[in-house]
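Read through the structure below, which is laid out as structure tokens, and then see the notes.
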Amino acid sequence: MNKVLKAQFFVDDLSDDQKNVITNINAYIKKGLTGKQSSVAIIEGAAGTGKSVVLMELVRQYMTDKRYKTSLVVNHPELYKAYREMGTAIPNMNVSTIRRPTSLINYAQKNHEKYDIIFVDEAHLLYSKSEPYAHYRGQNQLTDLMNLAKVVVVVYDFEQVFQSKMYWDKKLLFKTIGNHPYKQFDMDFQYRMVASDEQVTWMNDLTEEKKIKPFPRNSDFEFKVYDKAGEMFEKIKARNKEYGMSRMVATSGFPRIDGRHNVEMDSFNLPWDEWDPQRTPWAKREGSITQVGTIYTLQGFDLNYVGMVIGPSFGYDKKTDTMTVIPEKYSHKEVFKKRKDIKFTRDEYKAFIANVLNVLIKRGKYGLYLTAYDDALRARLLELNETGK
């Protein structure tokens with residue numbers, strides 16, 4: 001197994017709260033396996049709280065035990081590749097039972113298959129509407145999975161919702177569960193980053209359009225604001241050479257220049273990440289240092305250091321001293337696809353875009369380097385970084 005993947009998803013010394021969550025979920029699963037209705041175990045927590053570590057411990061327990069018919073599904077193509085790779089290194093694991101949700105649902109419905117337990121990572125990426133382009137013709141993937149299994153274990157982070165076709169909030173989740181038994185298991189301790197609680201709060205406040213404050217300096221987490229993206233890239237390359245797993249990332253909205261749709265700013269000019277069918281996920285490939293990562297390749301993965309370019313869809317309001325979200329400048333149109341059952345407001349579209357930024361700035365375990373395409377926003381972040389006021 002790739003040592004980077006092993007370090008992220010498997011922990012030899014689980015914390016007490018992780019052990020408690022696993023014990024409680026085990027008890028709930030055992031009860032659910034004897035129930036008449038399918039039941040749902042909800043693991044909820046923000047980015048970096050160790051949800052996937054807990055899930056993988058449960059996967060190792062049940063998916064290597066021949067007494068149970070199980071499957072692990074994830075709708076993120078890069079994470080799917082990572083789980084398949086990890087599965088090959090787990091004794092008695094049948095890698096063919098690790099699937100994308102649409103693949104499992106279509107297969108099981110066609111062949112009249114039923115399961116004891118289905119595990120779902122990044123369940124906020126399940127389709128909550130029909131998506132024929134992706135060969136999903138149902139109406140809600142969680143509903144379909146509940147119809148296939150006695151127990152469904154789902155991992156949710158509602159702050160990582162960023163597309164209308166994968167829209168979830170608690171109201172929709174509980175409406176989908178309906179009368180089925182369920183239990184929620186909350187995880188709220190930060191494991192990914194060495195950042196303090198106050199530093200994580202700063203990141204949340206920034207993306208929630210709250211007044212910008214100086215970044216707290218109360219941990220070993222490294223933070224710096226750059227005036228030039230090109231200079232920041234040089235630092236990321238140096239960190240990558242020293243520690244590995246350091247990448248440039250950005251949000252959408254950069255204009256096309258001379259037919260190119262790269263991330264271009266001052267001397268910095270790199271193409272966006274590219275999906276590749278090779279087994280190694282983008283975040284783990286050495287060549288990805290010359291591309292710019294997005295939510296589509298990085299969601300669910302850890303990096304060591306992140307160079308974050310806040311794109312043109314974020315500006316600055318001097319009156320309120322806040323970063324602002326400008327949906328009209330966000331160029332990735334998947335975010336804005338309409339659906340018949342839900343009408344989204346401008347504020348909800350803004351929340352989708354803010355969620356993308358929030359996920360990306362929390363990818364780095366040891367440090368975050370930051371710059372902004374918008375001149376006023378960049379100047380304010382630099383001012384706070386240099387003067388503290």
Exercise for the section: Please check if the distance between the ring centroids of Tyr366 and Phe221 is under 6.0 Å. Expected result: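 Between Tyr366 and Phe221, the centre distance exceeds or equals 6.0 Å.
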
So, [X] versus [Y]: side-chain donor-acceptor pair below 3.5 Å or not?
X: Glu198; Y: Asn218; answer: yes
X: Ser246; Y: Asn240; answer: no
X: Asp347; Y: Thr345; answer: no
X: Lys362; Y: Asn358; answer: yes
X: Thr102; Y: Gln141; answer: yes
X: Gln184; Y: Asp186; answer: yes

Closest non-hydrogen atom pair between [X] and [Y], with its separation:
X: Ser38; Y: Pro181; value: O-CD, 3.4 Å
X: Pro327; Y: Ile353; value: CA-CD1, 3.7 Å
X: Leu368; Y: Met308; value: CD1-CB, 3.8 Å
X: Ser39; Y: Gly32; value: OG-CA, 3.6 Å
X: Asp273; Y: Gln291; value: CA-OE1, 3.4 Å

Quick one, [X] and [Y] - any side-chain contact, counting heavy atoms below 4.5 Å?
X: Ile105; Y: Asn147; answer: no
X: Leu384; Y: Phe215; answer: no
X: Glu209; Y: Thr324; answer: yes
X: Glu122; Y: Asn75; answer: no
X: Phe352; Y: Tyr330; answer: no
X: Ile90; Y: Met63; answer: no
X: Leu172; Y: Tyr167; answer: yes
X: Arg339; Y: Phe344; answer: yes

Let me check something: do [X] and [Y] share a hydrophobic cluster, defined by ILVMFWY side-chain heavy atoms less than 4.5 Å apart, either directly or through other members?
X: Met265; Y: Leu270; result: yes
X: Leu55; Y: Met93; result: yes
X: Met166; Y: Tyr349; result: yes
X: Leu33; Y: Ile25; result: yes

Return all side-chain donor-acceptor pairs below 3.5 angstrom for residues 309-319, not counting sequence neighbours, or 'none' if the list is empty.
{"unit_1": "Ser313", "atom_1": "OG", "unit_2": "Ser252", "atom_2": "O", "d": "3.4"}
{"unit_1": "Tyr316", "atom_1": "OH", "unit_2": "Asp321", "atom_2": "OD1", "d": "2.7"}
{"unit_1": "Asp317", "atom_1": "OD1", "unit_2": "Lys319", "atom_2": "N", "d": "2.9"}
{"unit_1": "Asp317", "atom_1": "OD1", "unit_2": "Thr320", "atom_2": "N", "d": "3.4"}

Within this structure, what is the [atom1]-[atom2] distance for the pair [X] and [Y], rounded to the nearest 0.5 Å?
X: Leu142; Y: Lys175; atom1: CG; atom2: NZ; answer: 13.5 Å
X: Met56; Y: Tyr83; atom1: CE; atom2: OH; answer: 6.0 Å
X: Tyr107; Y: Leu148; atom1: OH; atom2: CG; answer: 11.5 Å
X: Gln160; Y: Ile295; atom1: CD; atom2: CD1; answer: 6.5 Å

Handout entry: Any pair counted as salt bridge (Lys or Arg N to Asp or Glu O under 4.0 Å), so long as it reaches residues 27-46, sequence neighbours left out
Key =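 Matches after skipping sequence neighbours: Glu44-Lys170.
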
Problem - Residue pairs, two or more places apart or on separate chains, that pass salt bridge (Lys or Arg N to Asp or Glu O under 4.0 Å) and touch residues 238-253 - result: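 Passing the test, one end in residues 238-253: Glu222-Arg239, Arg239-Glu242.
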
Exercise for the section: Sequence neighbours left out, what passes ring-ring contact (aromatic ring centres under 6.0 Å, His included) with Phe162? Give chain and number order. Expected result: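 Result, ring-ring contact (aromatic ring centres under 6.0 Å, His included) vs Phe162: Tyr296.
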
Handout entry: Any pair counted as ring-ring contact (aromatic ring centres under 6.0 Å, His included), so long as it reaches residues 130-154, sequence neighbours left out
Key =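 Sorted pair list comes back empty.
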
Exercise for the section: Sorted by first residue and then second, give each ring-ring contact (aromatic ring centres under 6.0 Å, His included) pair with at least one member in residues 32-51; sequence neighbours left out. Expected result: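 Every candidate ring-ring contact (aromatic ring centres under 6.0 Å, His included) pair involving residues 32-51 fails, so no pair, neighbours aside, qualifies.
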
Exam field: side chain [X] to backbone [Y], donor-acceptor pair closer than 3.5 Å:
X: Asn355; Y: Val161; value: yes
X: Trp272; Y: His261; value: yes
X: Ser103; Y: Arg99; value: no

Practice task
Inspect the contact between Lys350 and Glu348 and indicate whether a charged nitrogen and a carboxylate oxygen are less than 4.0 angstrom apart.
Solution key: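 Not counted as a salt bridge, because no side-chain N and carboxylate O are separated by less than 4.0 Å.
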
Problem - Cationic N near anionic O, under 4.0 Å, Arg67 to Asp65 - result: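 Salt bridge present between Arg67 and Asp65.
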
Practice task
Give the C-alpha distance, both sets of side-chain angles, the deciding distance and a yes or no for salt bridge (charged side-chain N to carboxylate O under 4.0 Å, His left out) between Lys81 and Glu85.
Solution key: CA-CA 6 Å; Lys81 289 192 289 186; Glu85 180 179 342; over 6 Å; no

Test of understanding: with salt bridge (Lys or Arg N to Asp or Glu O under 4.0 Å), list the residues that count as partners of [X], not counting sequence neighbours.
X: Glu286; value: none
X: Arg256; value: none
X: Asp144; value: none

Please say whether more than 12 non-hydrogen atoms of neighbouring residues, nucleotides or ligands are located less than 6.0 Å from [atom1] in [X].
X: Tyr182; atom1: OH; answer: no
X: Tyr305; atom1: OH; answer: yes
X: Lys213; atom1: NZ; answer: no
X: Asn111; atom1: CG; answer: yes

Handout entry: Cation-pi check, Lys69 onto Tyr115 ring (under 6.0 Å, within 45° of axis)
Key =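 Yes, cation above the ring, under 6.0 Å and within 45°.
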
Practice task
Using side-chain hydrogen bond (donor to acceptor under 3.5 Å, both in side chains) as the criterion, list what pairs up with Arg217, not counting sequence neighbours.
Solution key: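 If we apply the side-chain hydrogen bond (donor to acceptor under 3.5 Å, both in side chains) test to Arg217, skipping adjacent residues, the hits are Asn385.
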
Exercise for the section: Taking side-chain hydrogen bond (donor to acceptor under 3.5 Å, both in side chains) as the test, write out the residues that go with Thr176, two or more places apart. Expected result: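 Result, side-chain hydrogen bond (donor to acceptor under 3.5 Å, both in side chains) vs Thr176: Asn140.
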
Practice task
Could you walk me through whether Trp168 and Phe158 pass ring pair (Phe, Tyr, Trp, His ring centres under 6.0 Å), step by step?
Solution key: CA-CA 7 Å; Trp168 289 96; Phe158 297 105; 8.0 Å; no

Please table the atom pairs, donor to acceptor, closer than 3.5 Å between any side-chain atom in residues 226-237 and protein atoms at least two apart or in another chain.
{"unit_1": "Asp227", "atom_1": "OD1", "unit_2": "Arg378", "atom_2": "NE", "d": "3.1"}
{"unit_1": "Glu234", "atom_1": "OE2", "unit_2": "Lys237", "atom_2": "NZ", "d": "3.0"}

Handout entry: Worked check of side-chain hydrogen bond (donor to acceptor under 3.5 Å, both in side chains) between Gln61 and Asn26
Key = CA-CA 10 Å; Gln61 288 179 34; Asn26 267 324; 3.0 Å; yes

